[in-house]
There are 2 protein chains.
Amino acid sequence: MSMPPDAMICFALYSAAHAMQQAYRPLLDPLGLTYPQYLVLSALWSGQEPPTVGAIGRQLQLESSTLTPLLKRLEAIGLIRRTRDTADERQVRVHLTDDGRAMQARAAHVPDCILERTGMTPQALLALRDQVTALRDRLRATA
Amino acid sequence: MSMPPDAMICFALYSAAHAMQQAYRPLLDPLGLTYPQYLVLSALWSGQEPPTVGAIGRQLQLESSTLTPLLKRLEAIGLIRRTRDTADERQVRVHLTDDGRAMQARAAHVPDCILERTGMTPQALLALRDQVTALRDRLRATA
DNA sequence: CGGATATCAATCGCGCACGATATAATCGCG
DNA sequence: CGCGATTATATCGTGCGCGATTGATATCCG
């Protein structure tokens with residue numbers, strides 16, 4: 001009558017996302033970073049600086065109530081700076097510090113380690129990524 | 001040099017899992033349930049009663065530090081009971097109450113609503129589920 | 001120009017989620 | 001039998017993650 005969690009697509013995503021975080025943990029712990037913090041830094045390393053809090057939120061699909069405390073922690077450990085936009089004082093711009101840029105090199109090995117842990121070819125991973133992303137976008141579209 | 005979040009398989013899983021939770025929210029809110037609580041109830045509805053806390057944890061891949069407070073909340077709203085196993089008093093058995101069993105009927109429409117929201121055929125979803133589950137298991141295997 | 005409206009970040013409360021640790025019960029082995 | 005090791009759950013501290021709300025700034029429009 002009722003489906004066991006193992007049979008549900010939602011649980012597959014839920015448990016896979018957690019397993020992925022666990023895979024990152026031993027790589028990020030020595031850097032003093034959490035997984036969401038690493039995602040924010042990845043956004044900063046790869047994008048146009050300095051984005052606003054809202055822009056990061058749209059990219060990572062996170063609310064300001066999640067980002068603001070996280071960004072304060074990244075600022076507290078010296079990896080970013082937060083400054084009010086002079087033109088529009090409602091917005092806060094997020095800048096990498098020198099330490100924040102240096103962290104990119106210190107974390108350069110992380111993607112390779114994760115790739116290896118998946119035991120999959122890059123092509124297979126990209127294909128799966130696109131399927132998962134497509135499902136995510138369909139779920140959000142109707143929202 | 002650095003990959004944007006959108007290009008990462010980890011972010012695809014991360015954001016898809018969150019989007020899935022958001023899709024469940026309007027369905028579970030009226031029932032007074034959170035998404036992890038719904039997963040625990042799904043395990044109880046579909047399995048052999050009464051499982052121990054540890055058995056639920058293995059099925060959902062959650063620690064006792066997560067489950068214990070969650071189960072206490074389910075007990076507080078009257079959907080389950082927690083009793084010490086008489087044979088092995090270290091273990092706690094989780095029983096559905098009548099209200100907990102009745103909730104299964106009240107939530108019976110949920111899977112169909114989610115399926116519709118995905119806009120995918122059941123076969124395509126099952127195939128994707130198996131791929132995601134296989135990735136999860138590879139990530140956990142090396143752990 | 002000025003008040004209504006909209007936008008942006010921050011705050012608050014709650015519920016996960018986990019690592020580390022604690023506590024209690026059971027088991028293994030001499 | 002008894003004591004050390006193992007196992008099961010619970011507790012504690014920290015960091016997300018979000019809905020609801022707030023406060024401050026900017027925009028729109030009469």
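Worth knowing before you read on, the calculation uses all heavy atoms, side chains too, and leaves out hydrogens, waters and symmetry mates. Quick caveat, the model's predicted, so the values are computed rather than measured. Lettering follows sequence order; numbering is per chain, from 1.
- As a whole-Å value, the separation of B/Glu89 CD from C/dC27 P is 12 Å.
- One interatomic measurement links the two molecules: CG of A/Asp85 to C1' of C/dC8, which rounds to 11 Å at whole-angstrom precision.
- Without hydrogens or angle criteria, B/Gln59 side chain to B/Ala43 main chain gives no donor-acceptor distance under 3.5 Å.
- Note: CG (B/Leu60) to P (C/dA17) measures 10 Å, nearest angstrom.
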### Query
Quick one: what's the B/S/- string for nucleotides 3-16 of chain D, heavy-atom cutoff under 4.0 Å, read 5' to 3'?
----BSSBBB--SS
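- Taking a cutoff of 4.0 Å between a charged side-chain nitrogen and a carboxylate oxygen, A/Arg101 and A/Asp98 qualify as a salt bridge.
- Distance, B/Leu74 CG to C/dC14 C1': 15 Å, rounded to whole Å.
- A/Arg82 places no side-chain N or O within donor-acceptor distance of the main-chain N or O of A/Lys72, the cut-off being under 3.5 Å.
- A donor-acceptor pair is defined here as one N or O able to donate and one able to accept, closer than 3.5 Å; such a pair exists between the side chain of B/Arg84 and the backbone of B/Glu89.
- As rounded to whole Å, 16 Å separates atom C1' of D/dG17 from atom CD1 of A/Ile56.
- Regarding B/Arg25, its CZ atom lies at a distance of 13 Å from the P atom of D/dG17, rounded to whole Å.
- A donor-acceptor contact shorter than 3.5 Å links the side chain of A/Arg117 to the backbone of B/Leu139.
- In this structure, the CD atom of A/Glu63 is 15 Å from the P atom of D/dT21, given to the nearest Å.
- Among A/Leu44, A/Asp99, A/Val40, the one residue that satisfies the side chain to side chain contact (heavy atoms under 4.5 Å, CB included) test with A/Ile80 is A/Leu44.
- Between A/Tyr35 and A/Tyr24, the angle of the ring planes lies from 30° to 60°, which puts this pair in the tilted group.
- To the nearest angstrom, P of D/dG17 lies 17 Å from CE of B/Met20.
- Side chain of A/Thr68 to backbone of A/Ser65: no donor-acceptor contact under 3.5 angstrom is found.
- Looking only at distances, a side-chain donor or acceptor of A/Arg138 sits under 3.5 Å from a matching main-chain atom of B/Thr118.
- Taking the C1' atoms of five terminal pairs at each end of the helix from C/dC1-D/dG30 to C/dG30-D/dC1, the two resulting helix axes are inclined by 10°, rounded to 10°.
- Within 4.0 Å of A/Ala87, counting heavy atoms only, lie sugar-phosphate atoms of the nucleic acid but no base atom.
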